[in-house]
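Structure record follows, encoded as structure tokens.
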Amino acid sequence: LRANSFPKNPAMVRVDSSRVDDEWLSMKEAEHQDEGEAEAAEATETKDPEAEANVHAEAEEDGEKDESVLDKTVLSDPLSDEEREVLTKLRQHETEVEKVRSAALELRSKASQSAVDFRSFTEAAQQVEDSTKVDPEILQRDAVSSQLEWPAKELKFARVLVAALDAWEKALAKGKEQLTAAPENAVIGESITALLESFQQMQVAQREAQASGSPAVRHADIGLTGKETGLRPLLEALLDKAQELEQLESFKAQLQDDEVRMQMLSDLKVQLPDSHVGKTEPLPLGTEDVPTAVEATDPVKQEEDEHLDPQKLWRAVHTGDESIVKAFVARKACDGTSRDASGHSIFWHAISFNHHSLAQYFWESFPPGSAGGIEVDEVHYRKGDTLLHLLCLCRPFNAEAAALFKRVAAKAPPPVFQKQNALGLTFLDIAIDTLNFWVLTFVLKNFQVPAKALLCNSRAPLRRLFKVLRPPMAPQAYQAPGPFPEHFRVAAMLQQDPSGLVPYADVAFDVGPERQGVATGRFLAHRVVVVAQSPVLFEVLEKMPLTELPKEKISAALIRVDERISQEVWRSVLQFMYQGTISVEHCSYLKDAGKCVELLRACLLYKLPEPLLRLALSHLFRLLPSSSPTHALQVFALCASDEHIKNKELSSVRDGAAWVLLHQAHIMFVDIEAPDLCEILSKVVRCLESTVFENPDQP
């Protein structure tokens with residue numbers, strides 16, 4: 001090799017050490033392999049008889065070992081005789097087994113697995129077990145379930161869920177029976193305990209199923225929300241019954257050391273009655289005492305129809321049996337004033353147990369104001385709830401509940417609207433807590449004076465929304481675009497020439513408030529520059545004639561900028577149009593919420609470039625919480641207008657402004673007329689409603 005074939009500068013030689021090491025190791029391994037082959041060849045050539053015999057002996061011994069291991073593998077059976085017999089039976093019922101597999105497969109594909117799905121699943125499995133007479137415990141074994149493809153683990157959770165549902169339905173039926181049971185047969189405390197235990201059993205079963213990770217049960221939803229809605233009024237009715245039968249004290253004594261049950265009652269918002277409150281407590285809004293027993297409107301007729309037992313009426317109201325209820329109404333054995341021993345009317349119970357069609361029937365049969373008509377000022381003597389409270393607590397709050405709310409609200413006297421229950425809540429507070437936007441919107445639209453009284457007071461009820469709504473999300477961060485390249489010197493066109501004129505200017509913007517009919521400022525610009533960045537200005541300038549401007553010594557289109565936009569803000573707009581960027585560091589007004597509102601207004605009115613809009617949004621979002629509520633009102637009015645309400649880019653600032661208005665509504669709207677207030681708040685509610693339902697997965 002020639003010396004000049006190597007680089008003279010050693011520093012320029014780049015060595016891949018990892019590659020060198022790899023090559024070195026491969027070379028070393030090859031060397032050892034060659035040595036081993038050589039030794040083997042040498043041993044073959046010498047052929048030592050004794051060594052060869054030893055090798056054969058070792059080979060035979062290894063063969064015997066391998067053969068014994070193989071025998072064990074082949075001969076060992078993972079199934080016992082009992083399990084093999086079960087498999088044989090089940091394979092004879094392949095059609096039924098396949099139904100179970102299909103049911104499990106269908107469950108796995110569902111986004112939500114209901115109680116009906118689990119019942120169908122477990123019933124299919126039970127049919128197989130009954131047909132084959134096999135022990136379900138054997139089917140749970142891994143060896144059997146794997147060979148049969150039997151969904152053992154998922155069935156286990158599904159059966160726990162179904163068992164919890166069965167216990168709930170049994171406790172529910174018993175609880176409803178207790179409401180009409182004779183005093184000597186009443187076991188109110190046991191019924192309440194059974195209801196609470198079965199409800200907790202369902203909660204635990206659903207939670208464990210969801211946490212199991214099994215595809216067929218991990219999305220379990222057995223309707224706990226709806227069951228909770230039905231449980232609450234039933235527990236309250238049972239507690240009233242216990243108080244009536246003087247069983248309340250003994251039940252309270254049982255609960256005294258039961259923290260779990262007490263917590264459940266608290267979570268369900270069920271209050272234990274005060275022992276000293278008598279069962280004939282007068283209604284807070286009424287002038288008459290609450291009746292303590294069901295009153296037949298026609299005693300003679302009731303004697304003729306002894307089969308119309310008043311207890312049957314209440315049982316029918318609780319269960320929603322319209323045929324029995326209509327029989328009582330037809331015989332005039334009840335009316336809108338009929339109440340049970342706890343002072344609740346048939347109309348109240350129909351709503352409480354979510355039998356809305358039955359409640360509608362009562363309303364039509366016993367119109368308020370007629371003889372025996374429904375009393376719309378009915379109040380729960382212990383909890384202080386009105387019918388409006390009760391309707392706002394309905395779950396689900398569907399079209400039927402809304403129709404009932406309309407009817408009751410239309411007939412309710414003013415004190416009903418302002419009535420606070422025992423917890424200090426009005427019906428509108430409950431609507432706010434439950435995000436019942438329909439009730440809020442309906443009241444703001446149709447009951448404006450009561451609505452203002454409900455919302456503009458020291459309790460600041462609209463702030464309750466902060467507990468259930470997620471905070472507004474920040475807008476996209478502003479990133480200043482790069483300026484125009486140096487060779488594109490469009491900004492230089494704004495500089496005055498030696499004669500004081502702006503070359504080629506053909507647009508004049510009058511900006512700022514007027515003084516003696518003249519705007520306080522005028523900016524010259526070029527049509528070709530501004531129309532390229534504003535479709536609104538393009539449309540205006542396309543039709544606008546030129547005007548002689550003697551002072552500027554030019555003919556130009558004269559545009560009056562919205563008076564609410566200051567010279568400082570419009571100057572920065574033109575700066576962006578001519579430079580392609582805007583420097584935040586040199587834009588001092590961005591710390592002023594009022595000026596940022598002006599920039600937002602300019603962007604929306606003239607459809608200015610996107611970077612300017614993002615600049616306004618990002619700074620307003622930070623400034624609104626600490627700025628004057630009037631700025632929030634201006635921002636909301638701009639972003640919630642019909643033209644911009646669907647603009648998602650404005651949603652962050654629109655929601656932020658709505659939050660400020662909710663926080664300050666009880667103060668800033670006191671002096672506003674009720675119709676104007678309700679119009680503003682209706683838009684706020686509609687805005688928040690769309691935010692909630694368009695982003696259901698966000699916290």
Side-chain angles (χ1 to χ4, degrees), residues 96-130 136-137 139-142 144-146 148-175 193-232 234-235 260-261 263-270 354 394-398 434-435 468 692-693 695-699:
E96 290 90 341
V97 172
E98 183 58 32
K99 287 181 180 179
V100 179
R101 296 194 197 107
S102 299
L105 191 62
E106 185 179 356
L107 275 170
R108 292 171 192 145
S109 66
K110 289 193 171 186
S112 178
Q113 298 139 351
S114 67
V116 175
D117 297 327
F118 293 126
R119 286 197 184 279
S120 300
F121 183 36
T122 55
E123 285 170 3
Q126 188 63 46
Q127 185 178 356
V128 171
E129 293 165 3
D130 293 343
E137 185 275 329
L139 289 174
Q140 295 288 334
R141 298 177 187 173
D142 292 340
V144 176
S145 60
S146 59
L148 190 64
E149 296 182 13
W150 183 260
K153 182 179 179 182
E154 290 151 324
L155 261 175
K156 177 182 176 183
F157 284 106
R159 280 178 162 146
V160 172
L161 285 164
V162 171
L165 286 164
D166 290 341
W168 161 256
E169 290 175 1
K170 182 179 178 182
L172 192 64
K174 183 178 179 182
T193 301
L195 283 165
L196 292 174
E197 287 179 349
S198 60
F199 187 75
Q200 185 185 37
Q201 185 180 347
M202 286 191 299
Q203 288 178 314
V204 172
Q206 178 172 292
R207 186 165 57 248
E208 291 181 349
Q210 292 171 344
S212 68
S214 298
V217 295
R218 66 184 174 191
H219 300 303
D221 182 3
I222 56 177
L224 289 178
T225 302
K227 290 175 172 58
E228 179 179 338
T229 302
L231 176 59
R232 188 182 300 112
L234 180 56
L235 289 173
V260 175
R261 300 288 173 265
Q263 186 60 47
M264 285 190 70
L265 289 172
S266 175
D267 293 341
L268 291 166
K269 296 181 173 59
V270 175
N354 275 352
C394 287
R395 293 291 176 276
F397 189 89
N398 52 23
T434 56
L435 292 182
V468 286
V692 168
F693 290 105
N695 305 280
D697 297 330
Q698 293 183 1

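Heavy atoms only: backbone and side chains are in, while hydrogens, waters and symmetry mates are out. All residue numbers refer to positions in the sequence shown, counting from 1.
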R119: which residues meet the side-chain contact (heavy atoms from CB on, under 4.5 Å) condition with it, sequence neighbours left out? E123, V162, L165, D166, E169
Between R261 and Q200, is there a side-chain donor-acceptor contact under 3.5 Å, judged purely by atom types and distance? yes
Main chain of R395, side chain of N354: is a donor-acceptor contact present, judged purely on distance under 3.5 Å? yes
Taking side-chain hydrogen bond (donor to acceptor under 3.5 Å, both in side chains) as the definition, give me every residue that meets it alongside K153, ordered by chain and number, with sequence neighbours left out. none
Quick one: does Q206's side chain have a donor or acceptor within less than 3.5 Å of a partner on I222's backbone? yes
By side-chain contact (heavy atoms from CB on, under 4.5 Å), S212 pairs with (sequence neighbours left out) F157, S214, V217
Between R101 and E98, is there a side-chain N and carboxylate O pair less than 4.0 Å apart? yes
Donor on one side chain, acceptor on other, S120 and D117, under 3.5 Å: no
Give, for atom CG of L235 and atom NZ of K269, the distance between the pair rounded to the nearest 0.5 Å. 14.0 Å
Check the surroundings of atom NZ in K99: do more than 12 heavy atoms from other residues, nucleotides or ligands lie under 6.0 Å from it? no
Smallest heavy-atom separation, T122 atom then L155 atom, equals CA-CD2, 4.2 Å
Hey, does the side chain of E96 reach the backbone of V128 with a donor-acceptor pair shorter than 3.5 angstrom? no
Point-to-point distance, once rounded to the nearest 0.5 Å, from NZ of K170 to CG of L195: 12.5 Å
Side chain Q201, main chain W168, donor-acceptor under 3.5 Å: no
Pairwise side-chain contact, E197 with T193, heavy-atom cut-off 4.5 Å (strictly under): yes
V160 versus A205, closest heavy-atom pair with distance: CG1-CB, 3.9 Å
Is the shortest side-chain heavy-atom distance between P151 and R108 below 4.5 Å? yes
Atom NZ in K227, atom CD in Q203: separation rounded to 0.5 Å? 12.0 Å
Is the shortest heavy-atom distance from the side chain of L196 to the side chain of V260 under 4.5 Å? no
Hey, could you give me the CD/CG distance between Q113 and L161, rounded to the nearest 0.5 Å? 9.5 Å
Nearest heavy-atom contact between A216 and A104 is CB-O, 4.1 Å
